[in-house]
Amino acid sequence: MKKNSHFHIGRAASERKWLLPMIASSLVSIILIYMLTVEFGSSSERIKSPSFQFISLKQTDDSSGYFVESELGQKSHGGEPEPPRIAYLISGTKGDSGRMRRTLRALYHPRNQYVLHLDLEAPPRERLEVALLVKSDATFSQVNNVHVVGKANLVTYKGPTMISCTLQAVAILLKESKDWDWFINLSASDYPLVTQDDLLHVFSHLPRGLNFIEHTSDIGWKLYQRAKPIIVDPGLYLSKKSDIFWSTQHRAVPTSFKLFTGSAWVMLSRSFLEFCIWGWDNLPRTVLMYYTNFVSSPEGYFHTVICNVQEFRNTTVNHDLHYIAWDTPPKQHPKLLSSKDFDDMVKSGAPFARKFPKDDPVLDKIDKELLGRSEGQFTPGEWCVGSREGGRDPCSVKGDPTVFRPGPGAKRLVGLVSKLLASENFHTKQCKL
């Protein structure tokens, strides 16, 4: 009996020895679980219920500086949202090398990525000229963010070769950089209306998944003149440009997906373009095969894919971020812009405009009054603040490319984006199946 009593006393003492650590461990675990639950719940709430009425404009002590505030809770550096990186495709054809050089310098920023493509119609001399420009420029060489397509493609605007060229540029950009957030396609006849500091500053406050793409499912006359006819684009297999071939046969409208149309100029998120290129769903390839025989496929491919996928349908902002002055209906050919259109361009708030004649005086006016850019120089920004002493180019990469010096262009752009993302606007103008 005595032996039994000693055994129970020893066992009780042993249990008391482990009781305190066990209670402490349990309390710590409960506290950690509670903290994680609270944090996860608040994060989920922010993700599920983003507010699209978040852009407010505050003028700083410097009358030329504007700041955009957001409540989206994105990653930040020193209290400011993480600046985005933009990937550009600038495309051109015969005679466009000079315009391409000018557009590139107006758009350049060391945070961004650029792909230049002069199509096969441009003579080898012009393509070599563009390649040498990039290679010989000290800033381009140092930052290494400008890429020239060496093996040029033949591009027929009405056929699928333009989409093929665009997808190739996206693939190059995905390979060359893992960091960019949005893709913008421009032609050599396009030109910016705001500085890259303005653009990057404003878009640093936007969700990275937004896609700016003008679209509609009301294709109207295009149903019979573009969707039903069957065409063949000679640019797919010939080395000289010629018009598309029309078949006498017609086809039915697809039933497994709905057709959309819109502007050929877009600003698309990286996540959506990874879906188009890597395609874990077969829809991007199916739609691409369909548009191989479609008239003016650049006005429908991305639009049809994005509006038929639930994951991306609700991320579309119905605007192409361009100011375009159209001719009379059906708005197929943009008018050439001139100084007469300058005020309307500025009032639009759009970051880009098209279509400009080569070396038109209105481009000099844009450089001087909107971009602060001198002839042959880069558009200045926080990264480009040097002097011109000794005839040197003031732009270098010595400045901090994550710090921006936004100007009046930011205010105009904020006005446009705020209007587009107003809840009544945003939710009623998304893709409708």
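These numbers come from a predicted model, not from an experiment.
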Heavy-atom side-chain proximity of His250 to Ile230 below 4.5 angstrom: no
Main-chain N/O of Phe257 paired to Asn308 side chain as donor or acceptor, under 3.5 Å: no
Test item: His117 and Asn153 side chains (from C-beta on) under 4.5 Å apart, heavy atoms: yes
Side-chain touch His319/Lys429, heavy atoms, less than 4.5 angstrom: no
Parallel, tilted or perpendicular: ring planes of Trp383 versus Tyr108, cut at 30 and 60 degrees: perpendicular
Side chain to side chain donor-acceptor pair (under 3.5 Å) between Asn318 and Gln430, worked out: CA-CA 7 Å; Asn318 204 340; Gln430 291 175 347; over 6 Å; no
Asn282, CG atom: more than 12 neighbouring heavy atoms under 6.0 Å: yes
Contact summary for Ala264 and Asn185, nearest pair of heavy atoms: O-ND2, 3.0 Å
For Thr304, side-chain hydrogen bond (donor to acceptor under 3.5 Å, both in side chains) partners two or more places apart: Tyr291
Spacing of Leu173 atom CG and Lys178 atom NZ [to the nearest 0.5 Å]: 15.0 Å
Gap between atom CG of Leu133 and atom CG of Leu128 - 0.5 Å precision: 11.0 Å
Smallest separation among heavy atoms of Ala188 and Gly92, with atom names: CB-CA, 4.4 Å
Check: Thr161 and Leu154 side chains under 4.5 Å, non-hydrogen atoms: no
Lys/Arg-Asp/Glu bridge criterion (N-O < 4.0 Å) met for Arg111, Asp197: no
Heavy-atom pair with the smallest gap, counting every atom of Gly376 and Arg373: N-NH2, 3.9 Å
Residue pair Phe183, Phe302: steps toward the ring-ring contact (aromatic ring centres under 6.0 Å, His included) verdict: CA-CA 12 Å; Phe183 167 82; Phe302 289 124; 7.5 Å; no
Nearest heavy atoms of Leu337 and Ala325, plus distance in Å: CD2-CB, 3.8 Å
Ring geometry between Tyr88 and Tyr114 (parallel below 30°, tilted from 30 to 60°, perpendicular above 60°): parallel
Heavy-atom check, side chain of Val309 versus side chain of Asp281, under 4.5 Å: no
Any side-chain donor near an acceptor of the partner, Thr93 and Asp96, under 3.5 Å: no
Donor on one side chain, acceptor on other, Ser97 and Glu126, under 3.5 Å: yes
Tyr191 side chain to Asp367 side chain, donor-acceptor N/O pair below 3.5 angstrom: yes
Pair Leu206-Leu421, side-chain contact (heavy atoms from CB on, under 4.5 Å): steps then yes or no: CA-CA 10 Å; Leu206 297 182; Leu421 294 184; 3.8 Å; yes
Least distance between heavy atoms, Phe356 atom then Arg99 atom: O-NH1, 2.8 Å
Aromatic Tyr290 / basic Arg251 pairing, under 6.0 angstrom, 45° off normal: yes
Residue pair Tyr301 / Phe294, side-chain heavy-atom distance below 4.5 Å: no
Any Pro408 side-chain heavy atom under 4.5 Å of Lys411 side chain: no
Donor-acceptor contact below 3.5 Å, side chain Ser141 vs main chain Lys135: yes
Spacing of His322 atom NE2 and Lys355 atom NZ [to the nearest 0.5 Å]: 12.0 Å
Arg313 (side chain) donor-acceptor with Cys307 (main chain) under 3.5 angstrom: yes
Rounded distance [0.5 Å steps], CD1 in Ile324 versus OG in Ser263: 5.0 Å
Residues Asn211 and Thr316: side-chain donor-acceptor under 3.5 angstrom: no
Cationic tip of Arg270 above Trp180 ring, under 6.0 Å, 45° of axis: yes
Lys/Arg-Asp/Glu bridge criterion (N-O < 4.0 Å) met for Asp364, Arg102: yes
Side-chain donor or acceptor of Thr156 paired with backbone N/O of Gly159 under 3.5 Å: no
Point-to-point distance, once rounded to the nearest 0.5 Å, from NE2 of His303 to CD1 of Ile219: 12.5 Å
Asp320 (side chain) donor-acceptor with Glu214 (main chain) under 3.5 angstrom: no
Check: Thr379 side chain, Ala106 main-chain N or O, donor-acceptor pair, under 3.5 Å: yes
Charged N-O contact under 4.0 Å between Asp181 and Arg85: no
Trace of the ring-ring contact (aromatic ring centres under 6.0 Å, His included) decision for Tyr323 with Phe352: CA-CA 6 Å; Tyr323 173 82; Phe352 307 101; over 10 Å; no
Worked check of side-chain contact (heavy atoms from CB on, under 4.5 Å) between Ile231 and Arg226: CA-CA 9 Å; Ile231 61 101; Arg226 294 191 171 176; over 6 Å; no
Val115 vs Ile90, side-chain contact (heavy atoms from CB on, under 4.5 Å): CA-CA, chis, key distance, verdict: CA-CA 6 Å; Val115 167; Ile90 306 175; over 6 Å; no
Distance-only side-chain donor-acceptor flag, Lys222 / Thr261, under 3.5 Å: yes
Any side-chain heavy-atom pair of Leu420 and Leu416 under 4.5 Å: yes
Donor-acceptor contact below 3.5 Å, side chain Asp341 vs main chain Ser338: yes
Main-chain N/O of Leu210 paired with Trp182 side-chain donor or acceptor, under 3.5 Å: yes
Least distance between heavy atoms, Ala410 atom then Asp198 atom: N-CG, 3.4 Å
Whether Ser418 side chain and Gly415 backbone form a donor-acceptor pair below 3.5 Å: no
Pair Val305-Cys276, side-chain contact (heavy atoms from CB on, under 4.5 Å): steps then yes or no: CA-CA 8 Å; Val305 173; Cys276 291; 4.2 Å; yes
Under the side-chain hydrogen bond (donor to acceptor under 3.5 Å, both in side chains) test, residues paired with Ser164 that sit two or more places apart: none
Salt-bridge criterion met for Lys240 and Glu121 (N-O under 4.0 Å): no
Donor-acceptor contact below 3.5 Å, side chain Thr315 vs main chain Glu311: no
Spacing of Glu129 atom CD and Met100 atom CE [to the nearest 0.5 Å]: 11.0 Å
